[in-house]
Amino acid sequence: MAKGNAAPARTRGGAKPTPAPEFVQLLTPEGERVDHPTYSVDFTDAEYRDLYRDLVIVRRLDAEATALQRQGELGLWASLLGQEAAQVGSGRALQPQDMVFPTYREHGVLYCRGIDPIMPLGLFRGVDQGAWDPNEFKFNMYTIVIGAQTLHATGYAMGVAKDGKVGGPDGEAVIAYFGDGATSQGDVNEAFVWSSVFNAPIVFFCQNNQYAISEPLERQTRVPLFQRAAGFGFPGVRVDGNDVLAVYAVTRDALDNARQGQGPTLIEAYTYRMGAHTTSDDPTRYRIASEVEAWQAKDPIKRVRAFLEKQKLADDAFFDQVDEEARAQCIHLRERVLSMPNPAPLTLFDHVYADGSPLLDAEREQFATYLASFEGSEH
Amino acid sequence: MSRIKEFPLPDLGEGLTEGEILKWLVNVGDTIELNQPIVEVETAKAAVEIPAKWAGQVSAIFHAEGETVEVGTPIIAIDTAPGAGPVDEPAGRPAPSAESLAAVTVAPAEGMVEPGMTGGGRTPVLVGYGPRTTAAKRRARRTDGSESKATGGSESKATGGSESKATGGAANGTVTVDRPLAKPPVRKLAKDLGVDLFALTGTGPNGSITREDVQEAVRPAAPTAAPVAATAASFGPDREQRIPVKGVRKLTAENMVASAFTAPHVTEFLTVDVTRSMRALDRLREMPDWRDVRVSPLLLVAKAVMAAIKRYPMINSTWAGEAIVVKEYVNLGIAAATERGLIVPNIKDAGRLTLRELADAMTALVTTAKEGRTSPADMSGGTFTITNVGVFGVDTGTPILPPGESAILAFGAVREMPWVHKGKVKPRQVTTLGLSFDHRIIDGELGSKFLRDVGAFLTDPEAALLAWG
């Protein structure tokens with residue numbers, strides 16, 4: 001791409017048009033419950049409170065990880081700040097049998113899957129390669145390559161269908177997460193084609209956080225992203241990604257369609273990355289403060305709190321207790337990160353082949369001999 | 001574990017080696033909480049706040065704002081148990097000198113020092129992806145004899161240079177060198193920067209020349225010195241200096257070549273009496289609400305350009321191959337000489353600004369540029385540029401068009417000159433304007449009329465404003 005002052009600015013009538021997207025919304029930024037003709041949720045009071053707790057804890061754990069990176073304890077961190085509702089809403093809509101294919105930013109979904117939040121920190125600290133068991137939690141490894149996981153998910157979903165696990169309320173659905181930037185990748189478009197043609201039980205969950213690192217959405221697409229699904233022959237829907245209720249309702253619906261054998265759905269969760277792309281990025285270099293402020297008013301957590309307060313579903317004691325719980329989890333997380341052991345050099349060979357290989361065994365022997373040549377070596 | 005903990009600057013962005021302290025958010029003696037922002041640091045990638053790693057009391061701050069600090073160097077010390085009475089170690093040791101810091105961070109990093117030498121002092125922490133809890137030292141091999149001898153040999157080889165037999169032979173005692181001691185990466189750096197190692201005194205182990213010594217040698221004496229200006233010391237033995245073409249210099253070169261060989265340039269000159277403009281500026285400066293505003297002749301030139309573009313919109317256009325794109329908005333570029341080189345940030349939609357808004361925008365633009373904080377967005381999309389060569393004391397020039405623009409105005413020095421005024425030769429404030437334009441779009445007639453109008457505005461700004469609105 002042309003950079004800097006070589007590229008003439010493309011302006012249409014001066015100011016950039018403010019997008020006012022049509023999307024599914026059940027909870028306004030002010031905390032008002034609104035109805036939608038197709039989608040609804042029916043939560044108990046306790047379930048509403050649980051959603052709030054999830055959102056707060058996910059945000060605070062994320063902030064702690066960012067701080068740990070700044071303190072030299074993690075090599076890198078991809079913050080989810082601002083995208084909590086998209087992740088918690090979709091994560092809580094999953095059934096235990098559903099399979100998740102995440103990017104490297106899905107810490108909130110990971111949390112909803114019941115995986116210890118320390119797991120991604122081990123990866124970003126460089127002491128392991130992601131140490132959770134994807135099969136145990138039905139949550140695949142974080143994928144760093146942009147969009148690659150959508151093809152993995154499509155293949156997996158086609159396998160699920162071939163295994164006869166779709167076609168009823170207990171069927172298995174697959175969900176693939178990706179961002180707005182990934183929609184420009186060939187992989188994602190190929191995944192759309194294959195899923196559509198083979199009617200794979202998959203939900204494509206796009207968190208449109210408006211930026212592919214520094215590239216704004218208008219450099220990715222000329223049509224709203226959810227409309228792309230029509231061209232591939234399956235439904236697309238846009239949801240207010242900062243509305244945890246709407247995200248839950250839309251995702252649950254799409255997953256149910258998939259598990260019933262109705263094929264793929266594209267969900268565009270319209271949200272905003274409040275922080276940097278990763279800790280190596282400085283968003284102030286490519287976006288303006290007023291834009292960030294406008295999105296602050298649409299904060300996913302504030303609106304749930306406002307709703308709980310207006311409906312008198314929770315009191316100050318509850319909010320304090322959630323804060324305290326989040327604080328305790330952060331301290332616990334920090335202590336465990338600081339005491340994570342460095343991996344033993346020979347563990348390098350552990351997960352290469354399930355049943356080993358003669359060449360690998362020989363190389364392990366060589367490396368062990370080399371390590372043993374040092375004084376005081378433990379290995 | 002000591003209760004006074006020193007926090008080393010971490011690698012904030014995947015492989016960075018240093019960061020600049022922008023601003024301290026805490027002072028010595030402050031009580032701080034865990035994760036409280038303590039300092040703003042700018043790296044090559046981002047300006048970020050660092051949160052405190054421990055709660056406690058700040059017992060020392062080792063680096064002032066504006067200093068560039070190597071990754072792994074302690075920047076702050078925190079007493080993690082301030083209520084627990086006096087410390088048995090000095091609270092807040094004296095700030096280390098540059099030499100001692102350099103020695104600490106450089107020496108162990110590349111394993112030059114024998115293991116025993118790092119035992120006594122402070123344990124250096126090289127933070128990259130997580131801190132190292134042990135000194136960075138080469139582990140001893142189990143096998144003795146040949147291995148350990150090889151270490152000694154390779155060291156003298158690496159430092160002394162393998163070509164010199166004499167150096168290699170003097171393995172014990174003092175080493176007589178016919179070449180200065182320096183590691184290969186340092187030699188490479190010196191070569192790249194055109195530094196003569198013979199001219200330096202090494203501050204590293206055994207008097208070897210360190211990376212810092214080389215960098216110190218090329219650091220300009222005064223911060224205002226132009227980075228490109230060659231000094232006597234920076235010439236090599238061949239009396240030539242090679243300056244790598246990169247960054248702003250490279251971009252400037254590419255843009256200038258691209259422009260000079262695609263747009264056929266024409267340049268015209270006009271010398272005008274700007275005495276009235278200078279008086280108008282004086283009056284402006286005296287107005288109460290303009291008191292704190294930076295008012296320069298460049299401001300009126302910018303205003304004159306805006307007024308003239310309104311009359312001749314074709315000046316503000318782009319050659320787009322099949323079509324000429326004429327723009328209603330003017331993104332006014334101001335060429336600024338900065339320490340990084342020439343950059344041309346622009347004021348977006350400058351035609352809509354009042355004179356006061358224009359003045360503020362120009363001040364902000366120049367300040368940002370001088371601080372090196374101009375964003376790519378500020379530099380893209382320019383439609384017309386003014387280059388103020390007068391600040392260098394010259395009369396005019398034949399400026400080259402920024403790519404994508406069709407005209408550029410050079411504004412020369414304003415000098416007191418003999419001038420025929422109302423039939424008599426009088427001392428008047430006079431300047432020369434130089435306008436380059438793209439002859440594919442702009443013919444001599446249009447270019448001349450535009451330049452004449454800019455001149456007319458500066459000759460009598462009040463009349464021009466009244467006549468042209």
Side-chain angles (χ1 to χ4, degrees), chain A residues 2-15 60 63-64 66-77 121-122 124-127 214 216 275-288 327 330-331 334 337-342 369-377, chain B residues 7-16 34-35 37 41-43 45-53 71-72 125 127-131 139-143 147 251 254-255 258 318 320 325 327-329 331 333 343-346 348-349 352 375-377 379-383 402-405:
Chain A
K3 265 189 173 175
N5 54 10
R10 241 168 92 162
T11 342
R12 281 186 176 167
R60 294 275 291 276
E64 194 68 26
T66 301
L68 283 162
Q69 194 281 336
R70 296 280 183 249
Q71 291 157 355
E73 298 294 343
L74 301 180
L76 181 76
W77 184 250
L121 277 73
F124 283 109
R125 190 176 165 87
V127 299
S214 57
H277 169 71
T278 68
T279 46
S280 293
D281 169 46
D282 184 353
T284 61
R285 297 193 188 191
Y286 53 82
R287 62 188 197 189
I288 53 175
R327 205 181 64 86
C330 287
I331 291 173
R334 166 174 291 267
V337 167
L338 298 183
S339 60
M340 270 186 158
N342 284 337
T369 310
Y370 171 75
L371 291 172
S373 72
F374 290 97
E375 281 175 11
S377 62
Chain B
F7 178 72
L9 181 71
D11 174 1
L12 291 162
E14 299 175 276
L16 298 172
L34 175 68
N35 287 344
V41 175
E42 177 158 35
T43 68
K45 290 185 180 173
V48 296
E49 282 183 356
I50 295 183
K53 194 165 175 178
V71 164
V125 182
V127 180
Y129 304 100
R139 287 200 291 162
R141 302 298 286 263
R142 263 189 217 285
T143 44
E147 287 278 354
L251 189 69
E254 284 166 2
N255 282 342
T318 294
V325 182
K327 289 146 191 181
E328 191 187 4
Y329 55 89
N331 294 339
I343 65 166
V344 189
N346 61 71
K348 299 281 184 289
D349 217 352
R352 292 202 185 163
S375 71
M379 288 190 283
S380 67
T383 66
E405 299 181 24

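First the proteins, then the strands, lettered A, B, ... as listed; each starts at 1. Side chains included, hydrogens not; waters and symmetry mates left out as well; all remaining heavy atoms used. All of these numbers come straight from a predicted model, not from anything done at the bench.
- Contact of the B:Asn35 side chain with the A:Gln71 side chain is registered, since non-hydrogen atoms from C-beta on lie closer than 4.5 Å.
- In plain terms, the two heavy atoms of B:Glu49 and A:Arg70 that are nearest each other are O-CD, 3.4 Å.
- Interface remark: B:Thr43 contributes backbone atoms only to the contact with chain A (heavy atom separation under 4.5 Å).
- The side-chain hydrogen bond (donor to acceptor under 3.5 Å, both in side chains) test applied to A:Arg60 returns no partner, not counting sequence neighbours.
- Taking both residues in full, the closest heavy atoms of A:Gly72 and B:Pro10 are given as CA-CB, 3.3 Å, listed atom of the first, atom of the second, then distance.
- Closest of all the heavy-atom pairs between A:Asp282 and B:Ala47 is OD2-N, 3.2 Å.
- Proximity to chain A (any heavy atom under 4.5 Å) is restricted, for B:Ala52, to the backbone atoms N, CA, C and O.
- With a 4.5 angstrom heavy-atom cutoff, B:Leu34 touches chain A only via side-chain atoms.
- The neighbour count for B:Glu328 CD, taken as heavy atoms of other residues, nucleotides or ligands under 6.0 Å away, does not exceed 12.
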